[in-house]
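Data block below; observations after.
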Amino acid sequence: MLKPGATIGILGGGQLGRMIALSCAQLGLKTHILCPDEDSPAFQVAAGHICAAYDDEAALAELARMSDVVTYEFENVPLTTAEFLSGRVPVRPGARALAVAQDRLAEKTFIRDLGIETAPFAAVDDLAGLEDAVARIGLPAVLKTRRFGYDGKGQMTIRPGDDLAAAWEAIGAQSAVLEGFVTFRREVSVVAARREDGAFAAYDVTENVHRDHILHTSTVPAALTPDADREARGIACRIAGALEYVGVLAVELFVAERGMNERVIVNEIAPRVHNSGHWTMDGAITSQFEQHVRAIAGWPLGDTARLGRVEMINLIGDDVDNWQRFLADPAAHLHLYGKDEARPGRKMGHVNRLLDRLPSGC
Ligand code: AMP
């Protein structure tokens, strides 16, 4: 168990690393951040940082020396980096969660082997393999690169009549999976935490709306049937247990029809704090960032209870220009990530709105 004053090393210096570091500071812990980008927003709020590549062994050894435990803010940390660090310092969540989450084929196979529903899928390694996969799964379907896909990058929907060779080229002619197209009612996620001793706590299921493949809004509670809600939380618990997971993870799910009822289908796992959990910063007793820190520090998990109905809106690109409007909204908590340049598609901040707060003032 870490003591206040200990140092948490973080791989990655984006907004997630920044918000983990802010929670560390709140709990009297220090942070040391490694990221190759000099302008990393997390550097602004950390006790120390190392600006180096993720495969720079001298830099990793330095991070290990400075840290009592190391965590990460993104799932594409090279496995060799996690393994190098694991020989020197506890890395939480461990390398197994990374290995599963950074390869869509390994991830889908792992989930299916737990008896949890995914979209039908097939491995695709070349154009002939894509033709076979289409014959088996049918169209429409979604072709996704096995690695390095996020926010809709490295994927495309193939519809009847589309040219398969063009689709294969469009994703860069690289190892991929073909997934059956899921006609979903809504997309939801479960953000949850697990400690090393198996203690588990999930937040309320969150409903997510994407725009241009990027998360736009999350609202809680999600409109789910009680059975689907229970199933979604149970799935997160089983996945976390099977990975012997330590920290916060997110499971993204599709909610589809099952006759008069609903069923949930896992889309993907994120072995880290997640954008769809940002509402917890103002809408739950314990934020997902504090919860992650508690879990990796070996501290008791906090209460995940929700404080009301909450809406989280991402500020993407020049949405951030409206910051003064959000300051004037009495229901809104504004979070800005300290990024200089509002490029299109770049996550600049978010707003949490508490929807059923009591009137205040005279
Ligand atoms: P992903 O990168 O896997 O999270 O996919 C990004 C978004 O594409 C998801 O949030 C869905 O809106 C959509 N999508 C991904 N896979 C499928 C699928 N098999 N069927 C329908 N929509 C999908």
Side-chain angles (χ1 to χ4, degrees), residues 14 16 73-76 97-98 100-112 116-124 130 133-160 162 164 167 170-172 174-191 205-220 222-224 228 232 235-236 239 249-258 262-278 312-314 316 345 347:
L16 300 180
E73 64 148 19
F74 69 116
E75 56 272 42
N76 289 322
L98 273 181
V100 167
Q102 62 187 218
D103 177 348
R104 287 191 196 269
L105 183 62
E107 179 181 55
K108 291 244 151 29
T109 307
F110 164 78
I111 293 163
R112 186 189 58 194
I116 297 169
E117 186 172 358
T118 65
F121 65 93
V124 173
L130 176 58
V134 166
R136 257 191 294 153
I137 287 175
L139 294 178
V142 187
L143 183 62
K144 302 180 179 179
T145 56
R146 276 176 65 169
R147 291 180 175 274
F148 302 118
Y150 69 98
D151 286 347
K153 295 189 175 64
Q155 68 172 267
M156 69 174 301
T157 302
I158 307 178
R159 300 179 195 285
D162 283 355
L164 297 188
I171 64 145
Q174 54 182 308
S175 292
V177 287
L178 186 75
E179 285 180 24
F181 192 89
V182 177
T183 308
F184 54 81
R185 281 184 174 171
R186 58 185 68 91
E187 291 186 87
V188 300
S189 55
V190 181
V191 175
V205 180
T206 305
E207 187 158 339
N208 303 315
V209 174
H210 296 84
R211 256 194 214 164
D212 301 327
H213 293 285
I214 300 175
L215 182 66
H216 182 254
T217 48
S218 291
T219 45
V220 261
L224 275 184
I235 285 172
I239 289 175
L249 90 169
V251 181
E252 295 182 50
L253 307 116
F254 300 125
V255 181
E257 277 178 23
R258 178 194 279 145
E262 288 182 334
R263 68 189 215 272
V264 290
I265 299 166
V266 172
N267 177 28
E268 63 180 359
I269 308 169
R272 54 172 168 80
V273 288
H274 194 256
N275 197 164
S276 70
H278 288 1
M312 188 285 310
I313 306 157
N314 264 342
I316 314 270
K347 290 177 180 168

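These values consider heavy atoms only, across backbone and side chains, with no hydrogens, waters or symmetry-generated copies. One-based numbering, in listed order, for ligands and for the atoms of each. Heads up: numbering here begins at 1 and tracks the sequence.
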Subject >> Which segment of V182 sits under 4.0 Å of ligand 1 when only heavy atoms are counted >> reply: both

Subject >> Location of contacts on N267 toward ligand 1, heavy atoms closer than 4.0 Å >> reply: side chain

Taking the side chain as every heavy atom from C-beta outward, state whether [X] and [Y] have any pair of such atoms under 4.5 Å apart.
{"X": "I316", "Y": "D212", "answer": "no"}
{"X": "L105", "Y": "F121", "answer": "yes"}
{"X": "E268", "Y": "E252", "answer": "yes"}
{"X": "V190", "Y": "I235", "answer": "no"}
{"X": "V266", "Y": "E107", "answer": "no"}

Subject >> Heavy atom of G180, distance to ligand 1 below 4.0 Å >> reply: yes

Original post:
Who gets closest to atom 15 (C) of ligand 1 by heavy atom: K144, R104, H213?
Top reply: K144

Just jot down the ligand 1 atoms closer than 4.0 angstrom to any heavy atom of [X], in number order.
{"X": "E179", "result": "16 (N), 18 (C), 19 (N)"}
{"X": "F181", "result": "20 (N), 21 (C)"}
{"X": "H210", "result": "10 (O)"}
{"X": "Q155", "result": "1 (P), 2 (O), 3 (O), 5 (O), 6 (C), 8 (O), 15 (C)"}
{"X": "E187", "result": "9 (C), 10 (O), 11 (C), 12 (O)"}

**OP:** Could you say whether the N/O atoms of F184 and ligand 1 ever approach to under 3.5 Å?
**Re:** no

Original post:
CD/E75 to CD1/I269 distance, rounded to the nearest 0.5 angstrom?
Top reply: 10.5 Å

Subject >> Verdict with reasoning, V177 to K144, per side-chain contact (heavy atoms from CB on, under 4.5 Å) >> reply: CA-CA 5 Å; V177 287; K144 302 180 179 179; 4.2 Å; yes

